[in-house]
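Here is the naming used below: chain letters follow the sequence lines, and residue numbers restart at 1 for every chain.
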Amino acid sequence: MSESPLITPRTLKGFRDYLPAAMLQREKVIATAQRVYRSYGFSPIDTPALEFEEILLGKGGEETDKQMYRFEDAGGRRVGMRFDLTVPLARFAAQHIADLGTPFKRYHIATVWRGENTSRGRYREFMQCDFDTIGTTAVAADIETGLVIHDLFHALGFDAIAIRVNNRQVLTGMLEKLGLADRATAILRALDKLGKIGREKVADEMMQVAGATASQADDVLRLSELKGSNHEVLAAVENLLDGNERGLAGAARLREVLGGMAAAGVPDERVKLDVAIARGLGYYTGVIFETFLDELPDIGSVCSGGRYDNLAELYTKQQLPGIGASLGLDRLLSAMEELGRVAKVATPAPVFIPFFDGARLHDYLRLARGLRSHGLGVEVYPEPKKLGQQLKYADRRGCKLAVILGSQEFEGAKCQVKVLATSTTHEVDLAAPGGGAWNAEVAAEKLAAKLAELLAAG
RNA sequence: GUGGCUAUAGCUCAGUUGGUUAGAGCGUCGGAUUGUGGUUCCGAAGGUCGAGGGUUCGAGCCCCUUUAGCCACCCCA
């Protein structure tokens, strides 16, 4: 053995290992997102983790520079790691739109990196699950974005959600009307904190940081504090925006989006017009979505998106408007964990076969393969240990069924199937029609049907 | 990035005003007449007290530095 000191095993701040139970959960959510996105015709793409620095620095400000992982590669090129999937999409679209044609619908599920501070559900390496429709300004694309969000959470088992919808045009119109258009960013940044710090402090910030008057701040807040049903709020918004073309157009668009989602079958209570949300200041120009879980609203938006006028303007002269949204996978998983919605399963194989009779290894292996060919996940224990220990192992990993086959069972061409959660056992006859000795293929055929039935039941 | 709190076994924690070989519960592993787990009983393994330095006769405990985590703020393209 080496005498050299051990290297402490550790991971970088904000970077994590995923143990099997956590990884299975991640993969499940990812698979669900893929399924929903694909069901709407969004196609998968991927782009490099590393891009030329100039591509990524294009639009951001100082914060971007600070948060982005940047370095010089071995060839002396300035490169950076992607910090979201939208900028790479812009570059990708500018480069390939001629081949892709419009409208272009893509989804992209991938890891991104930001060197920012960590907190609950926020890490330096995390995953985004984006879907976007580019090359069209049609309202149908706006509506469809909302539908995807809705269906995604439904598929994930969350029906108690609030998809908050707004339109930047409404806010912009209001600010124009108040003569605050030149300070929009500062005003909206303050407004976005409404739910968090309260009306007084928001008004203070608008006055101090953005130089608004008390009455201007009050007018902005009045807009965002309208109460009532979506339709009532919308009517009141239009009233307040009277005379401002941009704002009224934004309100009309919202009316279409809400109407479209309702017409497509989304229950009204899951969609909430919220004139205060103002995220994505840098590039959203139209409809905005933010999604909150009713059971855990404090964790923040778990799926955000919106419409942008010109995604790829830095990289091409071609106009590429679009709309999309992104599931915050890590934040959602954090929420699911807090809500106790994470199954404690550490194995993808629901069926467990103890290595019971030490002389029958080959029979176990053949039977397991036969079951797998019927689409079942099957694990065979590698050592002929005591049965109790093997069952304990299976239970701890979260296997659902144990197929118990000892010399007696081989003798009689049968087996016991034990449901581990309830401890109930079912005897299954595995003999060929007309009786006969043990036959792995016949046994697999008959057993697979029974196992599938039990798995479906439990 | 700023401020505060925390760091003792795999996990959750105890550890008296600094004083001998640092403890518990859970978990893990082994066993309780040899074909059935999650309950019980017995036993075992497992910690240079996050890391580095300092004060002291003596540091898990006090001081400094560092790393990581938690909370708040800033920010979130």
In which stems does RNA chain B show up, taking only runs of three or more Watson-Crick or G-U wobble pairs whose two distances fall under 3.5 Å? B:1-7 with B:67-73, B:10-13 with B:23-26, B:28-32 with B:40-44, B:50-54 with B:62-66
Separation between the C1' atoms of B:G23 and B:C49, rounded to whole Å: 12 Å
Report the residues that fulfil side chain to side chain donor-acceptor pair (under 3.5 Å) with A:Ser326, sequence neighbours left out, ordered by chain and then residue number. A:Asp130
Less than 6.0 angstrom separating the ring centers of A:Phe292 and A:Phe153, yes or no? no
Non-neighbouring partners of A:Asp309 that pass side chain to side chain donor-acceptor pair (under 3.5 Å), sequence neighbours left out: A:Thr285
Side chain to side chain donor-acceptor pair (under 3.5 Å) against A:Glu441, all qualifying residues, sequence neighbours excluded: A:Arg366
How far does the P atom of B:U8 sit from the matching atom of B:G69, given to the nearest Å? 14 Å
Base, sugar-phosphate alone, or nothing: which one does A:Ala421 contact when heavy atoms must sit under 4.0 Å apart? base
If I pick the P atom on B:U17 and the same atom on B:U12, what distance separates them, to the nearest angstrom? 26 Å
Describe the nucleic acid contact of A:Ser423 in one word from base, sugar-phosphate, nothing, applying a heavy-atom distance below 4.0 Å. base
Would you mind writing out the side-chain donor-acceptor pairs for residues 417-424 of chain A within the sub-3.5 Å range, not counting sequence neighbours?
residue: A:Thr422; atom: OG1; partner: A:Thr424; partner atom: N; Å: 3.4
residue: A:Thr422; atom: OG1; partner: A:Thr424; partner atom: OG1; Å: 2.9

A:Ser407: which residues meet the side chain to side chain donor-acceptor pair (under 3.5 Å) condition with it, sequence neighbours left out? none
For B:G31 versus B:C62, give the span between their C1' atoms, rounded off to a whole number of Å. 47 Å
Whole-Å P distance, B:A59 and B:A51: 15 Å
Over all strands shown, is A:Asn117 touching base, sugar-phosphate only, or nothing at heavy-atom distances under 4.0 angstrom? base
Taking the C1' atom of each, how far is B:C11 from B:G52, in whole Å? 27 Å
Pick the P atom in B:A9 and in B:U48, then give their distance to the nearest Å. 9 Å
